[in-house]
Amino acid sequence: MTQQPLMENETSTKAAPGGPAVSGSGGSAAVVRRRLRTLLQSPAATIGALVLLLCVLTALLAPFISPYPPGQQHPQDRLLPPFWLEGGSTEFLLGTDNLGRDILSRIVHGVQVTLLVSGIAVIISAVLGVTLGVISGFYAGGWFDTIIQRLVDANMAIPNILLILVIIGSMGPSTVTLTVVLGVTGWVIFARMVRADVVSLRERDFVRAARSIGTRDPVMMMRHILPNVMPTTIVVATLSFGTNIVIEASLSFLGLGIQPPTVTWGYVLNEGRDYLATAWWIATFPGLAITITVLAIMFLGDWLRDVLDPREKKRS
Amino acid sequence: MLYRIATSYWARYALQIIPVLLIITFVIFFLVYIAGDPVGQRLGDNASPQQIADLREAMGLNRPFHVQYGEYMWNLVRGDFGESYMYGRDAMPIVLDRLPNTFLLGGAAMLISIAMAVPLGVLSATHKNSVLDVVVSGLAVVGKAIPNFWLGIMLILVLSVSLGLFPVSGSGSWAHLVLPAITLSGGVTAELTRVIRSNMLEVLNQDYIRTARSKGLPHQVVLYRHAFRNCLVPCITLLALTTPLVISSAIITESVFAWPGIGQLLVNAVTAADMAIVQAVVFVTALLIIAFNLAADILNKVIDPRIRFE
């Protein structure tokens, strides 16, 4: 195993703004500017970042930019096609559903729940997974590590969606249940990736040096290990954010996720299923929104991996 | 020879999967235990506290944790997952009845994936940076991002509703299998194409490929007999690793197309809070995934004698 050069200090400070200072750096604005420039060099990542920014802005501004409230019915204008088709109207840009609700408004409001549920779930998974991963990697080979490793193995044999379904089966579907369950079941990938990092980190000179001057283990983990696993954590968090969006949408689509009247993309899609023959737009646009968002996250995730983790450069 | 490898490996593998199975069964039991029992769900919102208490007592849910766990494990060893209240009979046989349908769907999806991914992956590696390569790579990225329930619905929209080529949903004929199988294969095809492409690129630079070419072997022979063979190991490993993905996707695909496999059964059971079925499905799924991983290990050993079981 070749020794990797130490992570640049800048990367660490940038990656862990809330964490302990790794270096006293001047010019963090310069760092941000440089990162932004590498982002602009990758067209895919730029598009990804713009799309995500658009999603976040839409979520924040939904009440102001949405043409109608998401549940408002227009009985005179049921099943109207998008405006560019015959019979469509510019009052309802993407058409209406069987109750005359505006599809565009429902998609605009749907992004709120999607981002919130997936985002909070990622935070829960990251906190759990990084904590367990750091401890288990730091004491690799010990009893704690053994337990965590067996749990990781067991998780390989049960897809997360099955675990989530078991819990929803006994608790019943709700937004809070879904968020917590998504978060709690998502720790494994964080723990696995972070542990791998920590196992190599703990043999590095700076950790040995810290140990030799009698730094206590918890301090060592917080101050020296944690900031250095942040790049990996950010990459994994991005990817699992995308996965969460798909799982949330799938479960809401099956009627087992977020319950109406809360609007989500998955549920709007589900409602459109019965109208495929007469109103294709109800099921098409929410699915398009999901796909575009997930694509954007994938682009951004690939770029982050290349930038933050030089070991994981794409092969092709 | 092969038999001996398999048996000794089997023995060690079996020892390894016991703790995994114990953890899985414990986790399932624990989740159901802490998530609260399904009694409230089953009786509905209008149940009186007395009704709930009676049903809890009747189901044995008032006993201590370890007693319930002990009984659960004992039943499990005997293959008894309890009675499904949706069907009024043992859960396990119901799940096993549905399993062939899921195998049929999953097998068809795998075949489609392989049939698509092998030529596409090989061609985009040999024609690196060509239009074909760019298109295939682009499709692979999009294929990973499309949620498969939406892919299914779009296929229904175009191929069933607009063109009338295939039935919208259900089962009973080969035509019913086509759309769900294509839907299910989407994600795997995308991933497999990418892996074949990047492995082929690596293999094509090897000395033995140049040797094979220099002795005048036809292009196709070099490509498939010399180069592609060396991609088989990562491909098989990938196929085994995607089993969980295929099963997760099958749950949703089967529901979209009303395909009577274990995925649709699971979704119905979760909706109805029929925990006996839910637990049986999860257990069978875990066993399947473990079995597929083992099969991939053994197959890789057969294909590549350099691989040793430790």
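Computed from a prediction, not measured in an experiment: that's the story for all the values here. A, B, ... follow the sequence lines: proteins, then strands. Residue 1 opens every chain.
- A donor atom on one side chain and an acceptor atom on the other are found under 3.5 Å apart for A/Ser136 and A/Asp145.
- For residues 275-285 of chain A, a heavy-atom distance under 4.5 Å to chain B picks out A/Leu276, A/Ala277, A/Trp280, A/Ala283, A/Thr284, given by residue number.
- Using a 4.5 Å heavy-atom cutoff, the side chains of B/Phe149 and A/Leu269 are in contact.
- You'll find the side chain of B/Asp274 reaches within 4.5 Å of the side chain of B/Ile277, heavy atoms only.
- For B/Tyr69, the ring pair (Phe, Tyr, Trp, His ring centres under 6.0 Å) test picks out B/Phe26, B/Phe29, with sequence neighbours left out.
- Interface remark: of the candidates A/Leu151, A/Asn155, A/Thr291, A/Asn270, A/Thr291 forms the most heavy-atom pairs closer than 4.5 Å to chain B.
- Both the backbone and the side chain of B/Ile153 come within less than 4.5 Å of a heavy atom in chain A.
- Of the listed residues (B/Ala145, B/Ala286, B/Ser255, B/Pro147), the one with the most heavy-atom contacts under 4.5 Å to chain A is B/Ala145.
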Show which side-chain atoms of residues 250-257 of chain A pair as donor or acceptor with protein atoms under 3.5 Å away, not counting sequence neighbours.
unit_1, atom_1, unit_2, atom_2, d
A/Ser250, OG, A/Val246, O, 2.7
A/Ser252, OG, A/Glu248, O, 3.0
A/Ser252, OG, A/Glu248, OE2, 2.8
A/Ser252, OG, A/Ile258, N, 3.3

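- Of the listed residues (B/Leu22, B/Val256, B/Leu287, B/Asn293), the one with the most heavy-atom contacts under 4.5 Å to chain A is B/Val256.
- Using a 4.5 Å cut-off between heavy atoms, B/Leu245 makes no contact with chain A at all.
- Inter-residue side-chain proximity for B/Leu179 and B/Ser160 is flagged as met; some heavy-atom pair is nearer than 4.5 Å.
- B/Ile146 touches chain A through backbone and side chain together, each having a heavy atom under 4.5 Å away.
- Contact check for B/Trp259 versus B/Thr253: no side-chain heavy atoms found under the 4.5 Å cut-off.
- Within the 4.5 angstrom heavy-atom criterion, no atom of A/Ile247 approaches chain B.
- Here the closest heavy-atom approach between residue A/Trp303 and residue A/Ser42 is recorded as CD1-CB, 3.9 Å.
- When each of A/Thr293, A/Asp153, A/Leu162, A/Ile297 is scored by its heavy-atom pairs under 4.5 Å with chain B, the top score falls to A/Leu162.
- When the side-chain contact (heavy atoms from CB on, under 4.5 Å) test is applied to B/Leu123, the partners found at least two apart in sequence or on another chain are B/Thr126, B/His127, B/Leu132.
- Both the backbone and the side chain of A/Leu295 come within contact range of chain B, judged by heavy atoms closer than 4.5 Å.
- Contact annotation for B/Val278: only side-chain heavy atoms (C-beta onward) come within less than 4.5 Å of a heavy atom of chain A.
- Taking B/Leu157, B/Val281, B/Val142, B/Leu21 one by one and counting their heavy-atom pairs under 4.5 Å with chain A, the maximum is reached by B/Leu157.
- Of all the listed residues (A/Val294, A/Val181, A/Leu288), the one sharing the greatest number of non-hydrogen pairs under 4.5 Å with chain B is A/Leu288.
- Ion pairing between A/Glu271 and A/Arg101 holds under the 4.0 Å rule for side-chain N and carboxylate O.
- The salt bridge (Lys or Arg N to Asp or Glu O under 4.0 Å) with B/Asp133 is formed by just one residue from the set B/Arg197, B/Lys128, B/Arg194; it is B/Arg197.
- Using a 4.0 Å cut-off between a side-chain N of Lys or Arg and a carboxylate O of Asp or Glu, B/Glu254 and B/Arg98 do not qualify as a salt bridge.
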